[in-house]
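Input: a single structure, listed below in C-alpha cells.
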Amino acid sequence: MRKPFIAGNWKMNLASKAAAELAGRLLAKVSDFEGIEVAVAPTATSLAAVIEVLRGSPIEVAAQNCYWEESGAFTGELSTEMIKEIGCSHVIIGHSERRQFFAETDETVNKKLQAAYRAGLMPIVCIGESLGHRESGRTMEVVAGQLKGALKDISVEQMQQLTVAYEPIWAIGTGKTATPDQAQEVHAFLRGQLMEMFGQNVADVVRIQYGGSVKPSNAKELMDKPDIDGALVGGASLKADDFIGILGYRN
Ligand code: PEP
C-alpha cells in the first residue's frame, strides 16, 4: 500500500551542467519506472538547472538541507521558503553528514522540520546509528531517540507528508550495506515507534527508506523486505546507469 520512494542524494557533486545532464538521462527513462516515486537532490547551486530540465515530469527535486529562519542575517543558509519558491517539493533534513560535520542535532532537525512544513515542503528525515552504537547493542535506543527528537510536536496530519530515511552511518559511502535482515529489523522497529507515537494510520502510510551503499545489485533484496519502502541513494545515484538500475530493481 506504500508506493516505493527512491531518492538520489547527489551531495556536493555535479555542478549545474553535469547535474542537468544527469537529470536529462533519468528523464529519458522515467516512463520505465511507473509506480515508483523518484526524486533527486542536487547541490544547491544546481537546483535551478535540474528543476528546469525536470519541469512537468514525474521526477521530484529535493534540497539537501535548509535553515529554519525565514530570512535574515544567516550567511550561507537557505530558507525553506526559498527552496519551495525555486521549485523543490522535498527537503532532506538531518543527513548524518550534516550531523557529523555541521553540528546538527535532533533539536535543529526538529526546527528544520517545522520550517519545511511551514513552507509546504515534504521532508525526508534521516536517522541512523554509528558503528560504535551498533557494536555496543544500542542501535534501537539511538534510532528511537533520533526519531522522537526529530518528530517532537509534529502532528498526525503533518506525518502523512513525511519520509523517514534509515541510514546506518557505518554503511554510508563505505560499500558496506546492512543486510536486508539487519535493515528490516530496524525498519520494523521504527514503524512500531511510529505507531506508538502517532497511531496505526501513520505507521501504515509513512515510508521508511533505507540508505547506505544501495546499488543495482542489492536494491531488490532490500526493497523486497516488508518495511523497506524505498531508498536514499548516495554514490550510486551519481551515475545514470547505476541509478536507473536501482530504479529498475523489479525488472
Ligand atoms: C547517503 O548519503 O544518503 C547514502 C546512502 O550514501 P551511499 O549510497 O553512497 O552510501
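Sequence positions, counted from 1, serve as the residue numbers for this chain. First listed ligand is number 1; within each ligand, the first listed atom is number 1.
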Inset, instruction - List the steps, then state whether salt bridge (Lys or Arg N to Asp or Glu O under 4.0 Å) holds for Lys148 with Asp106. - result: CA-CA 8 Å; Lys148 289 207 174 82; Asp106 295 335; over 6 Å; no

Side chain or backbone, does [X] bring an N or O within less than 3.5 Å of an N or O on ligand 1?
| X | result |
| --- | --- |
| Thr174 | no |
| Val233 | no |
| Gly173 | yes |
| Gly212 | no |

Does [X] reach ligand 1, in the sense of a heavy atom lying below 4.0 Å from it?
| X | result |
| --- | --- |
| Lys215 | no |
| Ala236 | no |
| Ala171 | yes |

Legend entry - Subset of ligand 1 atoms that lie under 4.0 Å from at least one heavy atom of Ser213: 7 (P), 8 (O), 10 (O)

Legend entry - Proximal ligand 1 atoms for His95, defined as those under 4.0 Å from one of its heavy atoms: 1 (C), 2 (O), 3 (O)

Legend entry - Proximity of Phe102 and His95 rings by center, below 6.0 Å: no

Is [X] salt-bridged to [Y], going by a charged N under 4.0 Å from an acidic O?
| X | Y | result |
| --- | --- | --- |
| Lys152 | Glu107 | no |
| Glu129 | Arg138 | no |
| Arg25 | Asp241 | yes |
| Lys111 | Asp153 | no |

[atom]: nearest protein contact (heavy atom, Å):
| atom | result |
| --- | --- |
| atom 9 (O) of ligand 1 | Gly235 N, 2.8 Å |
| atom 3 (O) of ligand 1 | Glu167 OE2, 2.6 Å |
| atom 2 (O) of ligand 1 | Lys11 NZ, 2.5 Å |

Inset, instruction - Of the side chain and backbone of Asn9, name the one, both, or neither that has a heavy atom under 4.0 Å from an atom of ligand 1. - result: side chain

Inset, instruction - Look at the side chain of Gln64 and the backbone N and O of Ala41, then say whether any donor-acceptor pair between them is shorter than 3.5 Å. - result: yes

Inset, instruction - Kindly compute the distance separating CD1 (Ile124) from CG (Asn9), expressed to the nearest 0.5 Å. - result: 9.0 Å

